[in-house]
Amino acid sequence: MSFPLLTATAALPAIGAIATAAVPAARRTAAKWLALLFSLGTLVLAAVVFLRFEPGGDRYQLTESRAWIADFGVRYELGVDGIGVALLGLTALLIPFVIVAAWHDADPLETKSTRWRPTQGFFALILMVEAMVILSFVATDVFLFYILFEAMLIPMYFLIGGFGDRAHAGTDESAATQRSYAAVKFLLYNLAGGLIMLAAVIGLYVVAGSFSLSEIAEARASGSLEMATSTERWLFLGFFFAFAVKAPLWPLHTWLPNAMGEATAPVAVLITAIVDKVGTFAMLRFCLGLFPEASKWATPVVITLALISIVYGALLAVGQRDIKRLIAYASISHFGFIILGIFAMTSQGQSGATLYMVNHGISTAALLLVAGFLITRRGSRLIADYGGVQKVAPVLAGTFLIGGLATLSLPGLAPFVSEFLVLVGTFSAYPVAGIIATSGIVLAALYVLVLYQRTMTGPVQESVRSMPDLRARELAVAVPLIAVLIFLGVFPKPLTDVVNPAVEHTMSDVQKKDPQPEVEAAK
């Protein structure tokens, strides 16, 4: 039997979580280094997975299959395709930066509202989230995916509710109340989506007799699986609702600004750059793969909702006074682009959507983490409390600007390539939708540049006059992320080579071909 590489890649951070949690309370620094070591080990294994993956090979590679709950037909089945390997790599890449950025976020506080902050538990929860997300990207058994989809909510709940943003932590009892509200709202929204998905998972098993993606695909290809149109549509809606909550898609998005606003910046990166990608990834793998006809049936409504997300999220970002909530609403707009690319049902749109997942994760991580460094120095998330920062902390301001320019998809930075592909793919199939989506680009430039102008330029406010510039630890977070943004902006081929064959499989599932351009005959 070959080495179970996918299991090892997911198991390493899980083992790291247990080991980190077991470190004695007095050895907080040792726990941090141990968590970082395990995250770097996971990154190495993820790199091995990426290198061993053959873009022109089988759809699912490095497969593993073992009996799990045999009486119910549930198997421990893993396999990675081009989309999954790209997102697995994104997760493994970002977690070390999250850990380094959060180095002091869980240190003990001596305040009336918070006297105990278990450092070991904080970093153990981060590693546990990583393990579950990686497994969700490679699970090819629907029931196994569902378990992971729900289980990752537990550590995220404690990360949001138990470790709040220190910009206001401990100042009054309302801070703890706001964190609890955000955590509970996050949990309830996602649990509601998950319960509806559970009903759909059971319905799928009743109809198909299996939870295995490969077995269901074989049954459909052989003609032995016949699914009534109404049944397929109801099952699609059950899966899609859960993924739309996780993504999040308007109008199921309202938990995200609360969760990102109350969480620390590194935990906010976990939410929007990593965990939320499970929702959009699952739309490609499960909605389009399992229910192709229902996906085409729902396309007009989904595209409409995606367009609303793009414009609505961008408009609310323009009007925000809170830095982190601005980034949260910007992410809602960006997820609208991702979902638009998926349901445009063109190869350019779906390739762009997959690249957008990766590039949005990196750009949002860069912007959010630098914003977190800024907020930690000033102790406030309000934009009005800043001004003239570039004169006292030019490196911080410069990295913040590059992260912001990536967010607005400036040419030369990674998100531009993905946004361009999404728009090209959308224009070719739905020109009106493409025109409306383009307004999101204009609004993105507005909210990013206004944010930078109000915080970094102008007269130096007294409260930021003594603000220090980025330190070595913080530079170790910001500089590599910016380097990756530039590299993928000018040379996206390593990702497109992996993603494009997987997109071809998805297009084959839904039996769609790219629209051919209309060329007038020469007279």
Side-chain angles (χ1 to χ4, degrees), residues 6 57-85 87 135-150 193-244 246 278-299 302 342-343 345 350 354 501-512:
L6 297 181
D58 295 336
R59 180 171 189 174
Y60 295 112
Q61 301 179 30
L62 305 175
T63 55
E64 304 173 32
S65 181
R66 297 174 180 82
W68 182 22
I69 310 175
D71 292 341
F72 296 97
V74 180
R75 298 186 63 81
Y76 176 79
E77 280 194 354
L78 306 181
V80 65
D81 63 357
I83 299 169
V85 78
L87 294 173
L135 266 182
S136 69
F137 288 142
V138 299
T140 55
D141 182 277
V142 178
F143 191 81
L144 173 62
F145 173 84
Y146 169 76
I147 294 297
L148 297 165
F149 187 83
E150 292 288 83
L195 289 174
I196 293 174
M197 180 183 169
L198 176 60
V201 169
I202 295 171
L204 176 66
Y205 181 74
V206 171
V207 173
S210 174
F211 291 115
S212 170
L213 290 179
S214 58
E215 291 181 3
I216 294 173
E218 290 175 4
R220 178 177 280 118
S222 65
S224 60
L225 174 59
E226 295 183 2
M227 196 178 300
T229 299
S230 60
T231 301
E232 181 175 344
R233 290 177 179 179
W234 280 111
L235 294 178
F236 166 86
L237 290 175
F239 277 80
F240 180 79
F241 182 84
F243 303 151
K246 181 85 79 178
V278 176
T280 47
F281 162 80
M283 290 180 188
L284 278 166
R285 172 167 286 187
F286 297 102
C287 287
L288 272 62
L290 294 174
F291 316 111
E293 293 303 320
S295 297
K296 290 185 283 189
W297 162 75
T299 289
V302 176
I342 292 171
F343 281 87
M345 301 287 185
Q350 292 188 357
T354 305
V503 167
E504 291 177 6
H505 286 296
T506 304
M507 292 287 289
S508 176
D509 288 339
V510 294
Q511 297 180 351
K512 293 282 286 186

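Because the structure is a prediction, the values reported are computed rather than measured.
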Can you tell me how the ring of [X] sits relative to the ring of [Y], calling it parallel under 30°, perpendicular over 60° and tilted otherwise?
X	Y	answer
Phe239	Phe291	tilted
Phe143	Tyr146	tilted
Phe145	Phe286	tilted

Looking at residues at least two apart in the chain, or sitting in another chain, which of them share a side-chain hydrogen bond (donor to acceptor under 3.5 Å, both in side chains) with Thr299?
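Expected list: none.
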Starting at [atom1] of [X], measure out to [atom2] of [Y] and round the result to the nearest 0.5 Å.
X	Y	atom1	atom2	answer
Gln350	Phe343	CD	CZ	9.0 Å
Glu77	Thr140	CD	OG1	4.5 Å
Leu284	His505	CG	NE2	13.5 Å
Leu78	Leu62	CG	CG	10.0 Å
Thr506	Asp81	OG1	CG	7.0 Å
Arg75	Phe211	CZ	CZ	13.0 Å

Mind checking salt bridge (Lys or Arg N to Asp or Glu O under 4.0 Å) for Asp141 and listing every partner two or more places apart, or none if nothing turns up?
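Counting only residues at least two positions away or on another chain, Asp141 forms no salt bridge (Lys or Arg N to Asp or Glu O under 4.0 Å).
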Hey, mind stepping through Gln61 and Val85 against side chain to side chain contact (heavy atoms under 4.5 Å, CB included) and telling me if it holds?
CA-CA 10 Å; Gln61 301 179 30; Val85 78; over 6 Å; no
Can any side-chain N or O of Glu232 pair as donor or acceptor with the backbone N or O of Glu293 at less than 3.5 Å?
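Yes.
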Check for a donor-acceptor pair, side chain of Arg285 on one end and backbone N or O of Ile83 on the other, with a separation under 3.5 Å.
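Between the backbone of Ile83 and the side chain of Arg285 there is no qualifying donor-acceptor contact (under 3.5 Å).
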Go through the steps to decide whether Ser212 and Ser210 satisfy the test side-chain hydrogen bond (donor to acceptor under 3.5 Å, both in side chains), and finish with yes or no.
CA-CA 6 Å; Ser212 170; Ser210 174; 4.7 Å; no
Table please: side-chain donor-acceptor pairs of residues 196-209 below 3.5 Å, with sequence neighbours left out.
from   : atom 1 : to    : atom 2 : distance (Å)
Tyr205 : OH     : Phe72 : O      : 3.4

Do you know the tightest heavy-atom contact between [X] and [Y]?
X	Y	result
Ser136	Leu148	N-CD1, 3.6 Å
Ala294	Phe236	CB-CB, 3.6 Å
Ala242	Gly194	CB-N, 4.3 Å

Taking atom CH2 of Trp234 as the centre, does the number of heavy atoms from other residues, nucleotides or ligands within less than 6.0 Å exceed 12?
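Result for CH2/Trp234: open.
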Quick check on the 6.0 Å ring-centre criterion: do Phe243 and Phe149 meet it?
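Judged by ring-centre distance (under 6.0 Å), Phe243 and Phe149 do meet the cut-off.
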How about Phe240 and Val302: do any of their side-chain heavy atoms sit closer than 4.5 Å?
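A side-chain contact exists here, since the closest heavy-atom pair is under 4.5 Å.
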So do the side chains of Ser295 and Met345 get within less than 4.5 Å of each other, counting heavy atoms only?
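Ser295 vs Met345: side chains touch.
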